[in-house]
There are 2 protein chains.
Amino acid sequence: MSNVPLNQAKAELFRTLGHPVRIRVLELLQDGPRPVRELLADIEVESSNLSQQLAVLRRAGLVISSREGSVVRYTLATPDVAQLLLSGRRILASMWTEREDLLAELRDSGEQV
Amino acid sequence: MSNVPLNQAKAELFRTLGHPVRIRVLELLQDGPRPVRELLADIEVESSNLSQQLAVLRRAGLVISSREGSVVRYTLATPDVAQLLLSGRRILASMWTEREDLLAELRDSGEQV
DNA sequence: ACATGACTTGAAGAAGTCTTCAATTACGGT
DNA sequence: ACCGTAATTGAAGACTTCTTCAAGTCATGT
């Protein structure tokens, strides 16, 4: 039940998502394929840096690129990526509200002292 | 609709999951709280290394530790972590089957030539 | 008080990742 | 054939993360 190489693969997948530009790219691609030019317009990053991050996503197999004339279009390799991003948002949200609850508790107990 | 600090937070969350030992720990904690001793028995890793990885998870707010006598017990900060791990598994599965389909296609077209 | 088992911490070198720059490829228009 | 725009690549230096070691804390048994 441990399966070390599987956990290795999972870790690599998560590590691939571990960069704000790559997250943003995947989020934009959720609404359908997009040419690099458009991604570049929506993300504040240098063209060569975006290319580097796209290459990371490509190597990980999360996106697919195809040249169409002078433009390169990127597509999500699987729509399941959306689920993963959603789960991430949800965890952040629940950690945030838990911390907020704690703050409220602290404030309340402070008022009692 | 871009929200750079949010994407930064998401990226940090995913990066925290980007290590096989940390993945394994979270998976074990899905079945309930566990003392370090037990985690150590289930994961092939040095005690000090496990501690380092637990510290990363603690700092990220994904787990909570509490001392009970001479033993330290770890707990998932939120059960939502399970969803995230599941989504990860699912992506890996769908990437795997897509690649398998591709292989089958290649094999078939090879037979036709 | 001391020893022991259960963990954590700090530090150091190796390994990996990030950003940026300059060079390069690929296509379309003239 | 040449230029401009679109995108990728390779390489270098800064920065971060990983593993391991030795040393440290903390509670319990003797």
Side-chain angles (χ1 to χ4, degrees), chain A residues 2 4-5 7-26 28-29 33-77, chain B residues 2 4-5 7-26 28-29 33-77:
Chain A
S2 61
V4 176
N7 285 337
Q8 184 70 43
K10 285 184 211 164
E12 269 158 34
L13 171 62
F14 285 122
R15 206 179 297 175
T16 301
L17 298 225
H19 188 289
V21 168
R22 297 196 294 261
I23 296 264
R24 187 86 190 98
V25 166
L26 294 175
L28 288 168
L29 293 183
R34 277 168 182 278
V36 175
R37 212 164 16 74
E38 275 185 35
L39 298 173
L40 199 50
D42 282 348
I43 311 177
E44 289 248 326
V45 73
E46 269 189 39
S47 150
S48 67
N49 195 345
L50 180 58
S51 263
Q52 298 278 3
Q53 306 312 329
L54 288 171
V56 172
L57 292 172
R58 243 187 296 121
R59 271 179 244 126
L62 287 173
V63 301
I64 288 158
S65 73
S66 57
R67 176 149 229 138
E68 284 170 28
S70 68
V71 155
V72 177
R73 181 186 304 270
Y74 277 83
T75 314
L76 279 189
Chain B
S2 62
V4 176
N7 284 337
Q8 184 68 44
K10 285 185 210 162
E12 270 159 32
L13 170 62
F14 285 122
R15 204 180 297 174
T16 302
L17 298 225
H19 188 291
V21 168
R22 297 197 294 259
I23 295 265
R24 187 85 190 100
V25 166
L26 292 175
L28 289 168
L29 293 184
R34 277 169 181 278
V36 175
R37 213 164 16 74
E38 274 184 36
L39 298 173
L40 200 50
D42 283 347
I43 311 176
E44 288 249 326
V45 72
E46 270 189 39
S47 150
S48 68
N49 196 344
L50 180 57
S51 263
Q52 300 276 5
Q53 307 311 330
L54 289 171
V56 172
L57 292 172
R58 243 187 296 122
R59 272 179 242 126
L62 288 173
V63 301
I64 288 158
S65 73
S66 58
R67 176 150 228 138
E68 283 170 28
S70 68
V71 155
V72 175
R73 181 186 305 268
Y74 277 83
T75 314
L76 238 43

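Everything quoted here is computed from the prediction, not taken from an experiment. The analysis underlying the following values was restricted to heavy atoms, covering all of them including side chains, and did not include hydrogens, waters or symmetry mates. Every chain is numbered from 1 and lettered A, B, ... according to where its sequence line falls, protein lines coming before strand lines.
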Problem set entry | Interatomic spacing from CG in A/L76 to CG in A/L62 - rounded to 0.5 Å |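 One gets 8.5 Å once the value is rounded to the nearest 0.5 Å.
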
For this session: Calculate, to the nearest 0.5 Å, the distance between atoms CD and NE2 belonging to B/E12 and A/H19 respectively.
Result: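 Atom-to-atom, B/E12:CD and A/H19:NE2 are 11.5 Å apart.
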
Measure from [atom1] on [X] to [atom2] on [N] and round the result to the nearest Å.
X	N	atom1	atom2	answer
B/L57	D/dT17	CG	P	14 Å
B/E38	C/dC7	CD	C1'	15 Å
B/L17	D/dT17	CG	P	14 Å
B/R67	D/dT28	CZ	C1'	11 Å

Problem set entry | A/H19 side chain, from C-beta outward: closest of C/dC7, C/dA26, C/dC18 |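 Of the candidates, C/dC18 comes closest.
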
Does a side-chain N or O of [X] approach OP1 or OP2 of [N] to a distance below 4.0 Å, or not?
X	N	answer
B/R58	C/dT9	yes
A/Y74	D/dT8	yes
B/R22	D/dC18	yes

For this session: For a side chain to side chain contact (heavy atoms under 4.5 Å, CB included) with A/V72, tell me which candidate from A/L54, A/L39, A/V36 qualifies.
Result: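 Among A/L54, A/L39, A/V36, the one meeting side chain to side chain contact (heavy atoms under 4.5 Å, CB included) with A/V72 is A/V36.
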
For this session: Please tell me which of A/V21 and A/S70 maps to the more 5' nucleotide of DNA chain C, matching each residue to the nucleotide holding its nearest heavy atom.
Result: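 Its nearest nucleotide being more 5', the pick is A/V21.
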
Problem set entry | Strand-adjacent residues in residues 39-54 of chain B, judged by heavy atoms under 4.0 Å from DNA chain D |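 B/E46, B/S48, B/N49, B/Q52, B/Q53, in order of number.
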
Problem set entry | Under 3.5 Å donor-acceptor, B/R22 side chain and B/L57 backbone |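 No: the side chain of B/R22 does not pair with the backbone of B/L57.
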
Problem set entry | Steps toward side-chain contact (heavy atoms from CB on, under 4.5 Å) verdict (A/R34, A/D42) | CA-CA 11 Å; A/R34 277 168 182 278; A/D42 282 348; 3.9 Å; yes

Exercise. Pick the nucleotide of DNA chain D nearest each of A/V72 and B/G69; which residue has the one closer to the 5' end?
Worked result: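 Its nucleotide being nearer the 5' end, the pick is A/V72.
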
For this session: Would you kindly compare A/R37 and A/R15 by the position of their nearest DNA chain D nucleotide and give the one closer to the 5′ end?
Result: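 This one resolves to A/R37.
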
Exercise. Would A/K10 and A/N7 satisfy side-chain contact (heavy atoms from CB on, under 4.5 Å), going step by step from the backbone distance to the final call?
Worked result: CA-CA 5 Å; A/K10 285 184 211 164; A/N7 285 337; 3.5 Å; yes

For this session: For residues A/L17 and B/L13, determine if any side-chain heavy atom of one lies less than 4.5 Å from a side-chain heavy atom of the other.
Result: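 A/L17 vs B/L13: side chains apart.
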
